[in-house]
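All remarks here apply to the structure that follows.
Throughout, protein chains are lettered first and strands after them, A, B, ... in sequence-line order, and every chain is numbered starting at 1. In what follows, every heavy atom counts, from backbone to side chain, and hydrogens, waters and symmetry copies are set aside. Keep in mind that what you see is a predicted model, and the values were worked out from it rather than measured.
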Protein chains: 2
Amino acid sequence: MVYHHPKLLVAVDCVIFGYEDGELKLLLRPREIEPALGKWSLMGGFVGLEESVEDAAMRVLYSTTGLKDIYLEQVAAFSAVDRDPGARVVSIAFVALIRIDQHDKALVRENGAHWWPLNQLPELIFDHEKIINDGLRSLQKRASFELTGKELLPEKFTLMQLRSLYEVIYQRPFDPGNFRKKVLSLNVLERLNIKNTTESKKGAFYYRFKESEDNSNGDRIFKIN
Amino acid sequence: MVYHHPKLLVAVDCVIFGYEDGELKLLLRPREIEPALGKWSLMGGFVGLEESVEDAAMRVLYSTTGLKDIYLEQVAAFSAVDRDPGARVVSIAFVALIRIDQHDKALVRENGAHWWPLNQLPELIFDHEKIINDGLRSLQKRASFELTGKELLPEKFTLMQLRSLYEVIYQRPFDPGNFRKKVLSLNVLERLNIKNTTESKKGAFYYRFKESEDNSNGDRIFKIN
DNA sequence: TCAAAAGTGTTGAAGCTACACCCATGC
DNA sequence: GCATGGGTGTAGCTTCAACACTTTTGA
């Protein structure tokens, strides 16, 4: 049986965050069709008949970065009637977190895509700037409940690197000593017996996320603001 | 210009919460068409070509409760390919909060709709039980950041009534003294010079929400669990 | 008089903030 | 030696949970 109602184009748009050179970056690509040809756009695609929106987002991520099993989280549906002047499109936005060093650089280049620092974004099409803002707030919320870094940092990292990541996610400084104590008290990291000596004279121990640790107990770990 | 991609039915489903007789209740209606005829369903409808999903949710709420300007919040998109056996439908779920005593009872009756206590729900169609669970978690989250009651309680209410509301939202008891102190410290309620004497011998002051108070500063006010 | 809710006070534990302070080392 | 980040400690403050206690009044 078929319901008699209008059908709409349904898209997914992925706010793909990566972390490199102490900055949060976003993977964007120049739009290749009218309208808004040449402006920059989130990585997106249309949802097919035989896939969920999550499947579609995974497909988009795989086809643009070559990565599977990416952290993915729904943000919201964006559906203003005129948000896309070319057609009526309802878009489901996702946040994706990836390690920049792991993605398929050739594939990204082939797509004309480019990593843009979060605070030096180019002109974006449609409502993508708003989507990005909501995506960042979503990331901040996640980072405030669950220690976030596994998906963005290298396998092993120093506490200073983790703190730097939090500083760019929250756009504010953290007290080094207090950050260290708080993070270690969560009991989700394990210290390795290797030191990083490139970023400080003394050398700092590497840490990594423990396997299969829940990492989230419902409490805030950092306050936003 | 038109994009050449499949189009899908897009629906909205509203998890409509009300509070009555010390219980959280949900407005549901029996489904009138196959498949799943006779099972109970969230209040929903299809999104038209000339409306956003928020518009569509508003429209559904107005046509089933007679109310406008309702608190409405997106929960998520549900889009499993086979979630509706009758057709491919992507549904955007919303949470709505209303005062049960204010809605249009005749209209609700006319729709065959019925208020069901949250913990005695009937058998539901499709994935609506999951949608309700996610909706409740969404309500809990909101109530943990922002004192919630304006949309569910009568204009004036006692602190005991507010506490009872929180107890059913969180499904756990709150210490009366501590709850009182915490809530009053938020500075979003104003005490009226009237007492309610029907629920206690001594009589308790009525309170109401202050006008245009932000009511949310980013901090948790209650921990979930 | 007694039960039940209203409303206030207290106390100890826990967490957070803002620091001070020493350590190790490359320059 | 000195600047830099690594790492630990601490004093003062706020918050919170648990619970005692007093007030008021209808049954």
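In this entry the distance linking CZ of B:R220 with P of C:dC16 reads 14 Å, nearest Å. Here C:dT25 presents its C1' atom at 14 Å from CG of A:N196, a figure rounded to the nearest Å. For the pair A:F179 CZ and D:dG5 C1', the interatomic distance rounds to 15 Å; values are reported in whole Å. In this structure, B:Y207 places its OH atom 11 Å from P of C:dA6, rounding to the nearest Å. If you take NZ of B:K195 and P of C:dA5, they are 15 Å apart, rounded to a whole angstrom. If you take CZ of A:F205 and C1' of D:dG7, they are 10 Å apart, rounded to a whole angstrom. Rounded to whole angstrom, the span from the CG atom of B:L186 across to the C1' atom of D:dC16 amounts to 14 Å. Atoms CZ (B:R172) and C1' (D:dA18) sit 13 Å apart, rounded to a whole Å.
Along DNA chain D, the nucleotide nearest to A:D175 and the one nearest to A:G203 differ in position, and the one closer to the 5' end is contacted by A:G203. Position along DNA chain C of the nearest nucleotide to B:L184 versus B:E199 favours B:E199 as the more 5'-ward residue.
A centroid separation of less than 6.0 Å is found between the aromatic rings of B:F209 and B:F157.
Residues from residues 160-169 of chain A that place a heavy atom under 4.0 Å from any atom of DNA chain D, listed by number: A:M160.
Taking the ring centre of A:Y71 as origin, the terminal cationic atom of A:R142 falls inside the region bounded by 6.0 Å and 45° from the ring axis. Within the cation-pi definition used here (under 6.0 Å to the ring centroid, within 45° of the axis), A:R220 qualifies as a partner of A:F145.
More than 12 heavy atoms of other shown residues, nucleotides or ligands fall within 6.0 angstrom of atom NZ in A:K195.
One can find a donor-acceptor pair under 3.5 Å joining the base of C:dA6 and the side-chain atoms of B:K202.
Contact annotation: B:R180 does not reach the phosphate of C:dA6 (side-chain N/O to OP1 or OP2, under 4.0 Å). Remark: A:K201 is not in phosphate contact with D:dG6, judged by side-chain N or O atoms under 4.0 Å from OP1 or OP2.
Remark: A:K156 does not engage A:E190 in a salt bridge, criterion side-chain N to carboxylate O under 4.0 Å. Using a 4.0 Å cut-off between charged side-chain N and carboxylate O, A:R59 and A:E51 make a salt bridge. Between A:K130 and A:D127 no salt bridge is recorded (no basic side-chain N to carboxylate O distance below 4.0 Å).
Checking D:dG9, D:dT24, C:dC19 against the side-chain heavy atoms of A:K181 singles out D:dG9 as nearest. Ranking C:dA18, C:dG7, D:dG5 by closeness to the A:N178 side chain, first place goes to C:dA18.
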